[in-house]
Amino acid sequence: MAAQAPAPKPRKATGSGHSGLTPLEVDGPVVLRFAPGPSGPLHLGHSRAVALNHAFRGIHNGKLILRLEDTNPTVVDPAAYDLITLDMEWLGAKPNEIVVQSDRLEIYYEDARELLSRDAAYVCHCDAEKWRELKRHSTACPCRDDKSASHLAAFEALFSGGDGIVVVKTDLESNNPALRDFVALRVVETSHPRQGSTWRLWPTYNFAVAVDDYRLGVTHVLRGKDHLNNTLCQQWVYRHLDWGEPQFIHYGLVSIPDALLKTTTISEGIADGDYCGWDDPQLATLAALRRRGYQPQAIMDYWIAAGVKEADITLSWQNLEAANRVLVEPEAKRLFWVPEPVELILEASQPLEKHAPFHPEHAEMGERRETVMPGVTILLPAADMAQLAEGDLLRLKNLCNCRLRNGQLEHVSDAPIKGVPILQWCVAGEPLQLLRPNGSKVEGIAEPAAAEMMGEVVQFERIGFVRLERSQALFLHR
RNA sequence: GGGCCCAUCGUCCAGCGGCCUAGGACAUCACCCUUUCAAGGUGAAGACCGGAGUUCGAGUCUCCGUGGGCCUACCA
């Protein structure tokens, strides 16, 4: 309910600071929608729309519809319906209702008939190129004002065969070429993953969106600025049909550096073996971020902080990482991981005890204990060892101080000594390959405790946060 | 070519005519702390795209310029 405000205050500010969002102008219940095309799972770019719509649903105790826009049978990925739903749930934005456009074709047909009978649309049989060319010069095609034929009859004929499109009349004179007459329905013979070949007449984006937003009772259309002209087109449908309009709100475009977001390119890359799947850690799909250990809350918070300004913005990975670090740091267990290990024998007169806390500030999280016997082989990072020379002192972290002599480690003492280089080490452990988002891989050995933490986000000391998987550690961020 | 939208520190946000000698977060730099190069503490550096106007007064309003983005599909 939105009944808290006696009068809907236009441009109400105040909202900055808390959730950060300025509440919507409301007059009754709020219905929002997130409307992706099911051509693949969601990526980081989509998550902004999810975050904003979800946040406003929360503020106004409204309803959020997930609308799957699958009116182009040629680009539908049947798996995407479930993947998208799952991604939304992961983000904590489970929709109240899911609608699929291909289930609603008859609704679009009905509204198309109404448009035709009101002379607000026409059936056109012209060549596509020619029609476009005429439009470019603000001139009507012969079909547009052909009163001799029944456009309604021509429309019905399209169901059984033949070519033709249904066009919504707008203003051909408009000096904005993007707004002159637009196609509402066209023939697509390709079989649809959900509908098969039951239908051959499919609505286009602008028409289906206008119909659905109205028919589903959407009160606030919140979407990117790239839809500015689409909104103008869609408003023609509202006017032709005497429909009340929802409130249209546009936020600026986001540019996401170093990220491949184009669904078709990704799926090609998967097919070619460049990526292991939608969750390949090199990608910026939500599946990939989830797999690497990103917390949904970090992503949601990031977008809420960005708000709904109309200025275009650039995503800062660093800032997103910082938001995630805040969430992950208090929970992540610390672990040694020795990259590209070199082997050295430990010389000691008695067994040594390792006591390493899982978290330096949370003793209650326990510690890693290990008894190290004299004579065992210690694994140390090759890069660190390269810095040391014969006779140097070094400290095996949380264990003891050693002197490097004759290719061996000579136990010297146990208490830490100021100024002595501290190295991570392990005796034996889990071979774990570190996989960075740029695709690079480093072999290494993690201490045995890692075996019990599969699936968890942990912090490899001096490396950064990673999420553990079977034989891999997926790099999250520093 | 045409149209639409936008313009404050590196990034994101705040600022809605005087409270701004422009504030915050993250990033950066320095120092402190530290058996992690994480976290934490202290401090520093860092922006109103340009030009006209309106006004007693402009980051805040108007116009022009410049820059950027998007749309101009029988894609979504």
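First the proteins, then the strands, lettered A, B, ... as listed; each starts at 1.
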Exercise. Do the ring centers of A/Tyr109 and A/Trp199 come within less than 6.0 Å of each other?
Worked result: yes

Exercise. How is A/Glu329 classified with respect to the nucleic acid when contacts are heavy atoms under 4.0 Å: base, sugar-phosphate, or nothing?
Worked result: base

Exercise. With a 4.5 Å heavy-atom cut-off, do A/Trp303 and A/Leu315 have their side chains touching?
Worked result: yes

Problem set entry | Carboxylate-amine/guanidinium contact A/Glu69 A/Arg223, below 4.0 Å | no

Problem set entry | Distance, C1' atom - from B/C4 to B/U60, rounded to whole angstrom | 24 Å

Exercise. Between A/Leu105 and A/Pro203, what is the shortest heavy-atom contact and its length?
Worked result: CD2-CD, 3.7 Å

For this session: Looking at every strand, decide which applies to A/Pro360 at a 4.0 Å heavy-atom threshold: base, sugar-phosphate, or nothing.
Result: base

Problem set entry | Residue list, salt bridge (charged side-chain N to carboxylate O under 4.0 Å, His left out) with A/Asp103, at least two apart or on another chain | A/Arg194

Exercise. If we ignore angles and hydrogens, is there a donor and acceptor under 3.5 Å between the side chains of A/Asp212 and A/Tyr108?
Worked result: yes

Exercise. Taking only N and O in the side chain of A/Arg186, is any of them less than 4.0 Å away from OP1 or OP2 of B/C75?
Worked result: yes

Problem set entry | Whole-Å C1' distance, B/U21 and B/U28 | 24 Å

What protein N or O atoms touch nucleotides 24-26 of chain B N or O atoms at under 3.5 angstrom, if any, and at what distances?
unit_1	atom_1	unit_2	atom_2	d
B/C26	O2'	A/Asn319	OD1	2.8
B/C26	O2	A/Asn319	OD1	3.0

Problem set entry | Salt-bridge criterion met for A/Arg33 and A/Asp213 (N-O under 4.0 Å) | yes

Problem set entry | Sugar-phosphate only, base, or nothing, as touched by A/Asp414 at under 4.0 Å among non-hydrogen atoms | nothing

Problem set entry | Residue matched to B/C33 through Watson-Crick or wobble contacts both under 3.5 angstrom | none

Exercise. Mind checking what makes salt bridge (charged side-chain N to carboxylate O under 4.0 Å, His left out) contact with A/Arg403, not counting sequence neighbours?
Worked result: none

Exercise. What's the CG-P distance between A/Asp312 and B/U8, to the nearest Å?
Worked result: 11 Å

Problem set entry | Side chain of A/Glu361 - closest among B/A38, B/C13, B/C5 | B/A38

Exercise. How would you label the contact of A/Glu321 with the nucleic acid (heavy atoms, under 4.0 Å): base, sugar-phosphate, or nothing?
Worked result: nothing

Exercise. Mind checking what makes salt bridge (charged side-chain N to carboxylate O under 4.0 Å, His left out) contact with A/Asp312, not counting sequence neighbours?
Worked result: A/Lys225

Problem set entry | Within residues 155-174 of chain A: residues closer than 4.0 Å to RNA chain B (heavy atoms) | A/Ile165

For this session: Could you identify which residues of residues 40-52 of chain A place a heavy atom less than 4.0 Å from some atom of RNA chain B, listed by residue number, or say none?
Result: none

For this session: Would you classify A/Phe465 as touching base, sugar-phosphate or nothing, given that sugar-phosphate means primed atoms plus P, OP1 and OP2, and contacts are heavy atoms under 4.0 Å?
Result: sugar-phosphate

Exercise. B/A73 and B/C16: how far apart are their C1' atoms, nearest whole angstrom?
Worked result: 40 Å

Exercise. If you measure from the P atom in B/A52 to the same atom in B/G59, how many Å do you get, rounded?
Worked result: 14 Å

For this session: Search all heavy atoms of A/Trp131 against all heavy atoms of A/Asp181 and return the closest pair with its distance.
Result: CH2-O, 3.6 Å

Exercise. Does the B/U36 base have a donor-acceptor partner in the side chain of A/Gln459 within less than 3.5 Å?
Worked result: yes

Exercise. What interatomic distance, in whole Å, is found between C1' of B/A47 and the corresponding atom of B/U8?
Worked result: 6 Å

Exercise. Within this structure, what is the CD1-to-C1' distance between A/Ile304 and B/C13, rounded to whole angstrom?
Worked result: 13 Å

Seminar exercise, completed: Here the side chain to side chain donor-acceptor pair (under 3.5 Å) pairs for residues 76-87 of chain A, sequence neighbours left out, are A/Asp70-A/Tyr81, A/Asp87-A/Arg290

Problem set entry | Salt-bridge contact A/Lys354-A/Glu367 (side-chain N to carboxylate O under 4.0 Å) | no

Exercise. If we ignore angles and hydrogens, is there a donor and acceptor under 3.5 Å between the side chains of A/Gln234 and A/Asn206?
Worked result: yes

Exercise. Between B/A7, B/C5, B/C13, which one does the side chain of A/Lys309 approach most closely?
Worked result: B/C13

Exercise. What interatomic distance, in whole Å, is found between P of B/U42 and the corresponding atom of B/C33?
Worked result: 15 Å

For this session: Take A/Glu310 and A/Thr74, find for each the nucleotide of RNA chain B with the closest heavy atom, and name the residue whose nucleotide sits nearer the 5' end.
Result: A/Glu310

Problem set entry | A/Thr71 side chain near B/A76 phosphate (N/O to OP1/OP2, under 4.0 Å) | yes

For this session: Look through every strand shown and name the nucleotide pairing with B/U62 as Watson-Crick or G-U wobble, where both distances are under 3.5 Å.
Result: B/A52

Do any N or O atoms of the protein come closer than 3.5 Å to N or O atoms of nucleotides 71-73 of chain B, and which pairs are they?
unit_1	atom_1	unit_2	atom_2	d
B/C71	O2'	A/Asn229	ND2	3.4
B/U72	O2'	A/Pro177	O	3.3

Exercise. Which residues satisfy the side chain to side chain donor-acceptor pair (under 3.5 Å) test with A/Glu364, sequence neighbours excluded?
Worked result: A/His362

Exercise. Given atom CG of A/Asp301 and atom P of B/C12, what is their separation to the nearest angstrom?
Worked result: 18 Å

Problem set entry | Nearest-Å distance once atom C1' is located in both B/U54 and B/C71 | 34 Å

For this session: Assign the ring pair A/Trp236 / A/His240 to parallel, tilted or perpendicular, where the plane angle (0 to 90°) is split at 30° and 60°.
Result: tilted

Problem set entry | Any-strand Watson-Crick or G-U partner of B/C26, both distances under 3.5 Å | B/G10

For this session: Tell which nucleotide pairs with B/A39, taking only Watson-Crick or G-U wobble pairs whose two distances are both under 3.5 angstrom.
Result: none

Exercise. Would you call A/Lys130 and A/Glu133 a salt bridge, using N to O less than 4.0 angstrom?
Worked result: no

Exercise. Taking atom P in both B/G23 and B/G15, what distance in whole Å separates the two?
Worked result: 15 Å

For this session: Tell which nucleotide pairs with B/G46, taking only Watson-Crick or G-U wobble pairs whose two distances are both under 3.5 angstrom.
Result: none

For this session: Kindly state each residue pair satisfying salt bridge (charged side-chain N to carboxylate O under 4.0 Å, His left out) with at least one member in residues 318-333 of chain A, sequence neighbours excluded.
Result: A/Glu329-A/Arg334, A/Lys333-A/Glu456

Problem set entry | Nucleotide paired to B/A73 in any strand shown, Watson-Crick or G-U, under 3.5 Å | none

Seminar exercise, completed: From the candidates B/A38, B/C6, B/U35, the one with an atom nearest any side-chain atom of A/Lys418 is B/U35

Exercise. For A/Ala128, which contact category applies under a 4.0 Å heavy-atom criterion: base, sugar-phosphate, or nothing?
Worked result: base

Output one line per pair: protein atom, nucleotide atom from nucleotides 58-67 of chain B, and distance, for all N/O pairs under 3.5 Å.
none

For this session: Check every strand shown and say whether A/Arg395 touches a base, only sugar-phosphate, or nothing at a heavy-atom separation below 4.0 Å.
Result: base

Exercise. Across all strands shown, which nucleotide pairs with B/C20 by Watson-Crick or G-U wobble geometry, both distances under 3.5 Å?
Worked result: none

For this session: Take the protein atom CZ of A/Arg223 and the nucleotide atom C1' of B/C70, then report the distance between them rounded to whole Å.
Result: 13 Å

Seminar exercise, completed: Residues at least two apart in sequence or cross-chain that pass side chain to side chain donor-acceptor pair (under 3.5 Å) with A/Ser160, listed by chain then number, are none

Problem set entry | Most 5' of A/Cys126 and A/Asn398 on RNA chain B, judged by nearest nucleotide | A/Asn398

Seminar exercise, completed: Here the pair of heavy atoms bringing A/Arg180 nearest to A/Ser174 is NE-O, 2.7 Å

